[in-house]
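Read through the structure below, which is laid out as structure tokens, and then see the notes.
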Amino acid sequence: MTELADLTAVQLVDGYRKGEFSPVDAVHAALRRAEQTQPTVNAFVRLTRDSALSQAEASAERWRRGAPQGLVDGVPVSVKDLLLLRGEPTLRGSRTVRPEGKWNEDAPAVARLREHGAVFIGRTTTPEFGWKGVTDGPQSGVTRNPHDPSRTSGGSSGGSAAAVAVGAGPLSLGTDGGGSVRIPASFCGIFALKPTYGRVPLYPASPFGTLAHVGPMTRDAADAALMMEVITGPDDRDWSQLGPVAGSFRTGLDGGVRGLRVAYSPSLGGQVAVRPAVAAAVRRAVESLAAQGAYVEEADPDFSDPVEAFHTLWFSGAARVVQHLSPAQRELLDPGLREVCGQGARYSALDYLAAVDIRMDLGRRMGRFHSAYDLLVTPTLPITAFEAGVEVPKGSGHRRWTGWTPFTYPFNLTQQPAATVPCGVDGEGLPIGVQIVGARHADTVVLRAAHALYESGSATIAPPALG
């Protein structure tokens, strides 16, 4: 029998409706997994056991009355410690943020989940201010991969990915400014979606500007579609949010991929060296899409690596984050963050605008590309999880985390929806992800293709060693 902690959100809600178990049972199971794995994985900054159980009791009473509050009433959810959660400090992975204060406001996505009855079980780890693609830092230590604790979980939403992977709640809220839901989801073997920019409202505004997205991290695409129904609700605090959602993220999810035009780019035109095991697993996923009726063609988008433009925008944002800190506080920062902040502070306004020009041209190129193709499929990452506690793999020659994430950050620059789906493991049992990218506003098409991989069995991987 499948344990409660291993059920999806869709399965939990169905079980509540049928009276097979209660939200109290599910929350106890999620908390037990979190507590059992925390000493090894370190997915959480803190667990909120007492308030979670109180919320679960209230949810159970609503289900007993046959009056659930919303779509995810009683589902255990975790929240990355960059997003406001009422009643709990948001430390942002930094020793420079003081926990004192009222903390009386929810981020928009958190507020929508609360309105729909979600049960918040804890705050998940992040590198300091979410600045890099792995999750370690001076405030919360190292977050490890549930498939092999000697390896990184990825980042910056590494705690959220690890929490979902071990069964500490089927839903988690992450943020993605350069790959930060997709990188750890790929390394930990779960699903994640970076929606079209503005589809999920964000407040406070990110210092990284319009690179930053909020997205669901889940067991599968069906759970992400359910979560998107909730977190895309409007919020007046975000002036850049998109208009009301037309239709439902779940309607048509089972529509399959027949007739979709899919471009398969295994290496972005030879720009990326991809490990053979990763390339083989991604190719099998693409072949599955073709077998299900998609028109698949090997084709590369027309752009060169925009990493320098991304660095200009990203490092400038990082410098803005710490601008108010005193010299003594700066000494408390992650040394790598301190270094990129120094670089970001040296860029001029003209440098920044030149990077914006490159970004605009990249968006134009991808807009033209999607006039011919509904979806672009690539590896999520060219590698699998490497040693925990370092920013780049040893011996890789990379200076910054962007060196090993060339498939992710371009689509933050273009604001397109992009998902990662687990599509196998390498010879060491480490998860591999396939990335599905859609045109702006085509979130439902991305979800539909991802769901097709799950339905066909192409997204099945082994469970983590811890969980």
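What you see is a predicted model, and the numbers here were worked out from it, not measured in a lab.
No side-chain heavy atom of L289 sits less than 4.5 Å from a side-chain heavy atom of Y264. Counting heavy atoms from C-beta on, the side chains of V307 and Y409 come closer than 4.5 Å. In this structure the side chain of T402 never reaches within 4.5 angstrom of the side chain of W314, judged on heavy atoms. Two residues are said to be in side-chain contact when any heavy atoms from C-beta on lie closer than 4.5 Å; R151 and F187 fail this criterion. Between M217 and P184, the closest side-chain pair of non-hydrogen atoms falls below 4.5 Å. When side chains are defined from C-beta on, L376 counts as touching P301, because their heavy atoms get closer than 4.5 Å. Residues S172 and K80 have side chains not in contact (no heavy-atom distance under 4.5 Å, counting atoms from C-beta outward). Side-chain contact between F208 and L313 is absent, with no heavy-atom pair separated by less than 4.5 Å.
Without hydrogens or angle criteria, D81 side chain to T125 main chain gives no donor-acceptor distance under 3.5 Å. With hydrogens and angles disregarded, no donor-acceptor distance shorter than 3.5 Å links the side chain of S156 to the backbone of G133. Side-chain atoms of Q38 do not come within 3.5 Å of backbone N or O of A34 as any donor-acceptor pair. No donor-acceptor pair under 3.5 Å is formed between the side chain of R237 and the backbone N or O of Y203. Remark: side-chain polar atoms of E229 are paired, donor with acceptor, to backbone N or O of F249 under 3.5 angstrom. Between the N42 side chain and the R144 main chain, no donor and acceptor come within less than 3.5 Å of each other. Although no hydrogens or angles enter the test, the distance criterion places no donor-acceptor pair under 3.5 Å between the side chain of R182 and the main chain of V421. A donor-acceptor distance shorter than 3.5 angstrom exists from the side chain of D223 to the backbone of A9, with no hydrogens or angles considered. Side-chain atoms of R448 never come within 3.5 Å of backbone atoms of V257 as a donor-acceptor pair (strictly under, hydrogens ignored). Looking only at distances, a side-chain donor or acceptor of D176 sits under 3.5 Å from a matching main-chain atom of V181.
The ring-ring contact (aromatic ring centres under 6.0 Å, His included) search around H311 returns F315, not counting sequence neighbours. In this structure, the salt bridge (Lys or Arg N to Asp or Glu O under 4.0 Å) partners of D106, at least two apart in sequence or on a different chain, are R86, R114.
The two residues P266 and E298 come nearest to each other via the heavy atoms CG-OE2, 3.7 Å. A pairwise comparison of heavy atoms in S59 and P23 identifies OG-CG, 3.3 Å as the closest pair. When all heavy atoms of P170 and P76 are compared, the pair lying nearest together is CD-O, 3.3 Å. Taking both residues in full, the closest heavy atoms of A388 and V142 are given as CB-CG1, 3.8 Å, listed atom of the first, atom of the second, then distance. The shortest heavy-atom contact between V274 and A279 is CG1-N, 3.8 Å. Taking all atoms of both residues into account, the shortest heavy-atom contact from A60 to S22 is CB-CB, 4.4 Å.
Here M228 contributes atom CE and L71 contributes atom CG; the two are 13.5 Å apart, rounded to the nearest 0.5 Å. Here T380 contributes atom OG1 and F407 contributes atom CZ; the two are 9.0 Å apart, rounded to the nearest 0.5 Å. In this structure, the separation between CZ on R199 and NE2 on H213 is 11.5 Å, given to the nearest 0.5 Å. Distance check, rounded to the nearest 0.5 Å: CG of D25 to CD of E20 gives 11.5 Å. Remark: L362 CG to L413 CG distance equals 6.0 Å, nearest 0.5 Å. In this structure, the separation between CG on L453 and CD1 on I436 is 5.0 Å, given to the nearest 0.5 Å.
More than 12 heavy atoms of other residues, nucleotides or ligands shown are found within 6.0 angstrom of CZ on R364. Sparse packing is recorded around CZ of R368, with 12 or fewer heavy atoms of other residues, nucleotides or ligands lying under 6.0 Å away. Shown here is Y295, whose OH atom has no more than 12 heavy atoms of other residues, nucleotides or ligands within 6.0 Å. Other residues, nucleotides and ligands place more than 12 heavy atoms under 6.0 Å from the CG atom of D357.
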Before giving the answer on side chain to side chain contact (heavy atoms under 4.5 Å, CB included), spell out for T232 and D443 the whole-Å C-alpha distance, their side-chain angles and the decisive distance to 0.1 Å.
-> CA-CA 12 Å; T232 53; D443 303 71; over 6 Å; no
Walk me through it: do E308 and T312 pass the test side-chain hydrogen bond (donor to acceptor under 3.5 Å, both in side chains)?
-> CA-CA 6 Å; E308 292 306 323; T312 300; 5.9 Å; no
Hey, mind stepping through K394 and E387 against salt bridge (Lys or Arg N to Asp or Glu O under 4.0 Å) and telling me if it holds?
-> CA-CA 8 Å; K394 288 185 177 178; E387 179 185 358; 3.4 Å; yes
Derivation of the side chain to side chain contact (heavy atoms under 4.5 Å, CB included) call for S78 and F44 | CA-CA 9 Å; S78 58; F44 289 90; 3.9 Å; yes
For the pair R112 and E115, evaluate salt bridge (Lys or Arg N to Asp or Glu O under 4.0 Å) and give the outcome as yes or no after the intermediate values.
-> CA-CA 5 Å; R112 303 295 83 77; E115 290 164 3; 2.8 Å; yes
Worked verdict on L242 versus H441 for side chain to side chain contact (heavy atoms under 4.5 Å, CB included) | CA-CA 10 Å; L242 298 178; H441 312 295; 3.8 Å; yes
Determine, step by step, whether T210 and R359 satisfy the side-chain hydrogen bond (donor to acceptor under 3.5 Å, both in side chains) criterion, reporting the C-alpha distance in whole Å, the side-chain angles of both residues, the deciding distance to 0.1 Å, and the verdict.
-> CA-CA 11 Å; T210 57; R359 181 182 191 180; 2.9 Å; yes
Does the side chain to side chain contact (heavy atoms under 4.5 Å, CB included) test come out yes or no for L202 and L83, once each step is laid out?
-> CA-CA 9 Å; L202 175 60; L83 296 167; 3.9 Å; yes
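There is no side-chain donor-acceptor pair under 3.5 Å between T143 and T135.
No option in V446, V445, V437, L447 other than V446 meets the side chain to side chain contact (heavy atoms under 4.5 Å, CB included) test with P417.
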